[in-house]
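Written out below as structure tokens is the structure these notes cover.
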There are 2 protein chains.
Amino acid sequence: MASQQFEPPSGTRDFLASDLRQRERVFQAARSVFEQYGFEPLQTPAFERLETLTGKYGDEGDKLIFKILKRGVHEGSGEADMALRYDQTVPLARVVAAYGSRLPTPYKRYVIGPVWRADRPGKGRFREFTQCDIDIVGSSSPLVESELVCAGADALDAMGVKDFTILINSRKALTGLMRVYGVPADRAAGALITLDKLDKQAPPSVVAELVDTRGLERSTAENLVGDVTADDAVDRMRKELKNNPEGAEGLGEIDRLLELAGPYVGENRIRFAPNLVRGLDYYTGAIWEVVAPGMPGSIASGGRYDHLIQAMGGPDVTACGFSIGVERIIGAAGTAEDEADRIDVAVTVMNEAYLADAFGFAQDLRRAGQRAEVFLGSTRKLSKQLKWAADRRARFALLQGDSEHSDGAATIRDMQTGDQERVSVGDLVTALHQKLRM
Amino acid sequence: MASQQFEPPSGTRDFLASDLRQRERVFQAARSVFEQYGFEPLQTPAFERLETLTGKYGDEGDKLIFKILKRGVHEGSGEADMALRYDQTVPLARVVAAYGSRLPTPYKRYVIGPVWRADRPGKGRFREFTQCDIDIVGSSSPLVESELVCAGADALDAMGVKDFTILINSRKALTGLMRVYGVPADRAAGALITLDKLDKQAPPSVVAELVDTRGLERSTAENLVGDVTADDAVDRMRKELKNNPEGAEGLGEIDRLLELAGPYVGENRIRFAPNLVRGLDYYTGAIWEVVAPGMPGSIASGGRYDHLIQAMGGPDVTACGFSIGVERIIGAAGTAEDEADRIDVAVTVMNEAYLADAFGFAQDLRRAGQRAEVFLGSTRKLSKQLKWAADRRARFALLQGDSEHSDGAATIRDMQTGDQERVSVGDLVTALHQKLRM
């Protein structure tokens, strides 16, 4: 491990080559899918004006914002005027407000970039982490949700997550559910938050909380939890929701999404989940969460949030989004060594007088598109240089001793087999090209 | 322009799709070259501990550091504990100190990432901007400088900058020069700073400053400036430097670089520039600067700085680097619209009943690798949807009216020529594939 003093700040990470390449591969996989769906990239500054961020994330969120001290003569005031980006939605709201008609309508944007939160660092929880969001702003078409769900599912596939289930529900269906079961309107929001715990808590404990904390009648709570957790919960819910206008509308949203996205996502990978709530109260229509075996919680989530852009400081436009937990996905995958970490040819330098020749070999190979390195150490011992070539995971090493040099030749050594072949200097690039292709 | 309130903070920028794609193309061009040379990517956190940064950039630099306020109960203290990355060298020093033997030897790393400086914003001067650096840490091989110069030159080429000149000098040659012309040792550093102004100021004004400010004898100043600016300056310098041990050593560094890198960079793109000084006093060996017609100042620079990593908080290792002014290069290029900004197929929706069909067409095309979008607006008027397709710069639009629908067909419209062709739904993907290839 790095000595304390030189470690990156708590909750942040240094990414060395293989970790960084792996992250970039995952991001690139998602990016390609988003581009194919016609989403456009957006990059906003790392920091925003403090007033752009404060008051947008609730009291708890506000405490986690990294604030930037004023500079120059104002530094002594101890006041902040800027703050690091806390999510990708507030910057989106600002951009929609700022550029309006200069953006395509609807504005479909993707973003894969860091955000910063002064959370207590822990396993899998960082203070600097990447968010991967797609959003469609300015369209109420029923295709929007399906497009987001299909793009998100394709992105998960491309990132290597094949085994997942998309759980679908609708804010309106949930509101209808509360009506149908006779939950008083002023207790519905609280009751839903408790109902959301059914994926972690046993039904009796959820019933108890609905009664004790949320003030529901015991019979109401038992009916509700019983129906929602029954084996045929989906059928029961469909039947109940039909009897309520809002519930029926929500059911329509769910069914449309299942019908449109189902054939592309795979019917077995998407389903109506009546007890999916999602804590955030800014959702207005369909909501979804993606779960995967072996990964606790969800790996992605989203939904329609028609007034959030306005609440975040933008204009009042409809919007719908899908956010993929890329850090969780990368964390679960672990670090895989990749071909990109290898070099093609390691050029050794066996004699001080041949420095220019060695450099020339490397340059010629690079010009031919190969990934070549020339030995930059001071030793001329072959064994040490071959160790370097092995450390660099080179496929081939190039050797030129006195006899080769006087013959205008060089030796290609296969680093895996140890086989060596002497070739004329003029044939080097072609010979290595053929060997690398095999 | 964006309304004031919604603009990004002063000195920062929002990058919308085409700007961002262009930047990414330029970065990717450089990245490919660096990878080919065996450089490894590194990414460090956006912020470091405050003490890691302070005292590293001089008094003026320290004032430009963005400091992050302590959080929670300590926020009221008005004190900072973190600070945004100010350059890429201090993080490199920290990483070298932290990971030591876990890094390859030598450690060849590239980085293309943002840094933040609270400079007064101005034309081409930003508070958030990208630095593009390659460095080789831990090797004194004479190949290091050549490798950096060749990699940097290839990167400039790949970024589209073809017409440039690499000016070479050496810190040791400059020290020798001061000796040879009899500049007292304690006045040499100041004299060099003044001499560096010869690219902007007329010789007499530089002579005056050498005499008035730097305390040189008038005859010394006149000799020096006269020789350095003479038509045959290079020959004069070579002759003079040979007579001084440090000068001769510096000349050796310069000649080796010209000899090794010259053939690859192009002999006419690299030359010895006796009056190139570079203000920064941490250079210890060869130094260089890249100039390009039409771009004032330099577009890249570098050199050997053997003790800087230690001064920046790392171990005492040799190092040499090349930094490319990517923002200047991108700024000079202007925004170019690119094929990547276009979509392949815009799928219209001419009847509410055909929503699912339209969505299906788009999905099938995406699955086949095409960049497709389906109309997400509410109007069903063809003219408005064709305007949308044109705004999205679609190559083709897909139309399905009632007659096509009942025949199991759709119409492909070439958005440039207006030509339309009716094809059976089953042949859509193949037909568009062929058209897109033409």
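Note on naming: letters A, B, ... go to the chains in the order of the sequence lines (proteins, then strands), and numbering restarts at 1 for each one. Below, each value reflects all heavy atoms present in this structure, side chains not excepted, and no hydrogens, waters or symmetry copies.
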If you define the side chain from C-beta out and look only at heavy atoms, does anything of Leu50(A) sit under 4.5 Å from Lys67(A)?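 Sidechains of Lys67(A) and Leu50(A): in contact.
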Most chain B-contacting option - heavy-atom pairs closer than 4.5 Å, from [options]:
| options | result |
| --- | --- |
| Phe375(A), Phe359(A), Trp388(A) | Phe359(A) |
| Arg23(A), Glu48(A), Glu24(A), Glu35(A) | Glu35(A) |
| Arg109(A), Glu259(A), Lys108(A), Glu51(A) | Lys108(A) |
| Asp391(A), Thr52(A), Leu84(A) | Leu84(A) |
| Leu143(A), Ile136(A), Asp154(A) | Leu143(A) |
| Pro104(A), Ala372(A), Ser10(A) | Ala372(A) |

What part of [X] lies closer than 4.5 angstrom to a heavy atom of chain A: side chain, backbone, both or neither?
| X | answer |
| --- | --- |
| Pro91(B) | neither |
| Thr44(B) | both |
| Leu64(B) | neither |
| Glu147(B) | both |
| Pro41(B) | both |
| Arg21(B) | side chain |
| Val95(B) | side chain |
| Arg392(B) | side chain |
| Leu355(B) | both |
| Thr105(B) | backbone |

Do Arg13(B) and Phe126(B) form a cation-pi contact, if we require the NZ or CZ to be under 6.0 Å from the six-membered ring centre and within 45 degrees of the ring's axis?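 Checked: cation-pi criterion met.
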Which is it for Arg393(A) and Ile343(A) under the side chain to side chain contact (heavy atoms under 4.5 Å, CB included) test, yes or no, and what are the steps along the way? CA-CA 6 Å; Arg393(A) 302 180 63 230; Ile343(A) 62 165; over 6 Å; no
Is a donor on one side and an acceptor on the other found under 3.5 Å between the side chain of Gln36(B) and the backbone of Gly369(A)?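 Side chain of Gln36(B) to backbone of Gly369(A), a donor-acceptor pair under 3.5 Å: yes, one is there.
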Between [options], the one whose heavy-atom pairs under 4.5 Å with chain A are most numerous:
| options | value |
| --- | --- |
| Leu260(B), Asp364(B), Val349(B) | Leu260(B) |
| Pro263(B), Cys150(B), Ala261(B) | Cys150(B) |
| Ser139(B), Ser141(B), Pro45(B) | Pro45(B) |
| Arg366(B), Arg371(B), Arg367(B) | Arg366(B) |
| Val96(B), Val374(B), Leu42(B) | Leu42(B) |
| Met82(B), Glu75(B), Arg256(B) | Glu75(B) |

Any pair counted as salt bridge (charged side-chain N to carboxylate O under 4.0 Å, His left out), so long as it reaches residues 110-121 of chain A, sequence neighbours left out: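 Sorted result for residues 110-121 of chain A: empty, none.
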Please tell me whether Tyr99(B) and Asp14(A) have a donor and an acceptor in their side chains that are separated by less than 3.5 angstrom. yes
Say whether Gln28(B) and Arg31(B), considering side chains only, have a donor N or O and an acceptor N or O under 3.5 Å apart. yes
Here the gap from Ile65(A) atom CD1 to Phe47(A) atom CZ, rounded to the nearest 0.5 Å, amounts to 15.0 Å
Could you check whether Tyr110(B) and Phe34(B) have their ring centres less than 6.0 Å apart?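 Between Phe34(B) and Tyr110(B), the centre distance is under 6.0 Å.
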Taking all non-hydrogen atoms of both residues, which atom of Ala394(B) and which atom of Ala346(B) are closest, and how far apart? CB-CB, 3.8 Å
List the atom of Gly78(A), the atom of Leu69(A), and the distance in Å for their closest heavy-atom pair. C-CD1, 3.6 Å
Who are the ring-ring contact (aromatic ring centres under 6.0 Å, His included) partners of Tyr37(A), not counting sequence neighbours?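 Result, ring-ring contact (aromatic ring centres under 6.0 Å, His included) vs Tyr37(A): none returned.
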Take Leu53(B) and Val90(B) through the side chain to side chain contact (heavy atoms under 4.5 Å, CB included) test and state the conclusion after the steps. CA-CA 7 Å; Leu53(B) 299 194; Val90(B) 165; 3.7 Å; yes
Scan Arg49(A), Lys70(A), Arg71(A) and name whichever one has a salt bridge (Lys or Arg N to Asp or Glu O under 4.0 Å) with Asp81(A). Arg71(A)
Select one option (side chain, backbone, both, neither) describing which atoms of Ser378(A) are under 4.5 Å from chain B's heavy atoms.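 The answer is neither part of Ser378(A).
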